[in-house]
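One structure below.
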Amino acid sequence: MNFNWLYSGNANPAMKRACIDLEYSLRPRITKFLLTRVDGECCGDFSCYHFDVDVKRNWVWISEKTPKECIKKILPDFDIEINGANVPSVA
């Protein structure tokens, strides 16, 4: 699982810390979500899943770097489960 951090401005220590904290909260939630949706399909270690994270808005998108067949498996429920809203989340 790979995260691409999106934020404006320079990477000051506070921003780096915010990214680390956000990743530690997101990684278990997204891993649990993937475990319930993909059953080892696409890639068993989740390395093919890429996510773009907007730190300012605290929002996660499924990156277009993720294979299309994997996106199709997780997209229907991803926004509700991870972002708490039904807004399309493919970057």
Side-chain angles (χ1 to χ4, degrees):
M1 185 178 330
N2 303 287
F3 292 97
N4 178 37
W5 299 96
L6 308 172
Y7 52 86
S8 58
N10 58 0
N12 62 46
M15 181 58 72
K16 288 181 182 178
R17 182 67 191 169
C19 290
I20 291 169
D21 291 343
L22 188 54
E23 182 170 348
Y24 275 105
S25 71
L26 287 172
R27 190 170 288 276
R29 288 177 38 220
I30 293 174
T31 300
K32 183 177 177 181
F33 173 81
L34 292 174
L35 285 169
T36 62
R37 300 301 189 288
V38 297
D39 296 327
E41 301 163 4
C42 290
C43 59
D45 64 356
F46 304 133
S47 62
C48 63
Y49 289 92
H50 299 265
F51 302 95
D52 296 329
V53 181
D54 185 328
V55 176
K56 185 176 180 180
R57 289 189 240 158
N58 202 24
W59 194 266
V60 182
W61 287 272
I62 303 166
S63 172
E64 290 180 345
K65 293 178 184 176
T66 302
K68 299 289 184 218
E69 65 273 3
C70 297
I71 291 174
K72 288 178 188 177
K73 291 184 179 295
I74 65 172
L75 186 58
D77 300 318
F78 183 83
D79 299 309
I80 295 290
E81 294 281 332
I82 302 303
N83 292 316
N86 195 12
V87 177
S89 289
V90 177

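Start at 1 with the first residue, then count along the sequence.
- Remark: Cys43 SG to Cys70 SG, distance not under 2.5 Å.
- Looking at every heavy atom in both residues, Ile71 comes nearest to Thr66 through CD1-O, 3.4 Å.
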Working for side chain to side chain contact (heavy atoms under 4.5 Å, CB included), residues Phe51 and Ile62
CA-CA 5 Å; Phe51 302 95; Ile62 303 166; 4.2 Å; yes
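- To the nearest 0.5 Å, the span separating NZ on Lys32 from CZ on Arg37 amounts to 10.5 Å.
- Shortest non-hydrogen contact noted between Arg29 and Glu81 is NH2-O, 3.9 Å.
- Ring centroids of Tyr49 and Phe78 are separated by 6.0 Å or more, keeping the two rings apart.
- Atom CG of Asp45 sits about 11.0 Å away from atom CG of Leu34, to the nearest 0.5 Å.
- Distance check: Trp61 CH2 to Ile82 CD1 gives 14.0 Å after rounding to the nearest 0.5 Å.
- In this structure, Leu35 is a member of the same hydrophobic cluster as Val38, with clusters built from ILVMFWY side-chain heavy atoms closer than 4.5 Å.
- Glu23 places none of its side-chain heavy atoms less than 4.5 Å from the side chain of Leu26.
- A donor-acceptor pair is defined here as one N or O able to donate and one able to accept, closer than 3.5 Å; such a pair exists between the side chain of Asn2 and the backbone of Ser47.
- The two residues Val55 and Trp5 come nearest to each other via the heavy atoms CG2-CE3, 3.6 Å.
- Remark: Lys65 NZ to Asp52 CG distance equals 7.0 Å, nearest 0.5 Å.
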Give the C-alpha distance, both sets of side-chain angles, the deciding distance and a yes or no for side chain to side chain contact (heavy atoms under 4.5 Å, CB included) between His50 and Asn4.
CA-CA 8 Å; His50 299 265; Asn4 178 37; over 6 Å; no
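- Using modelled atom types, no side-chain atom of Asn83 and backbone atom of Ala85 make a donor-acceptor pair closer than 3.5 Å.
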Would Val60 and Ile30 count as a side chain to side chain contact (heavy atoms under 4.5 Å, CB included) here? Give the steps.
CA-CA 10 Å; Val60 182; Ile30 293 174; 4.3 Å; yes
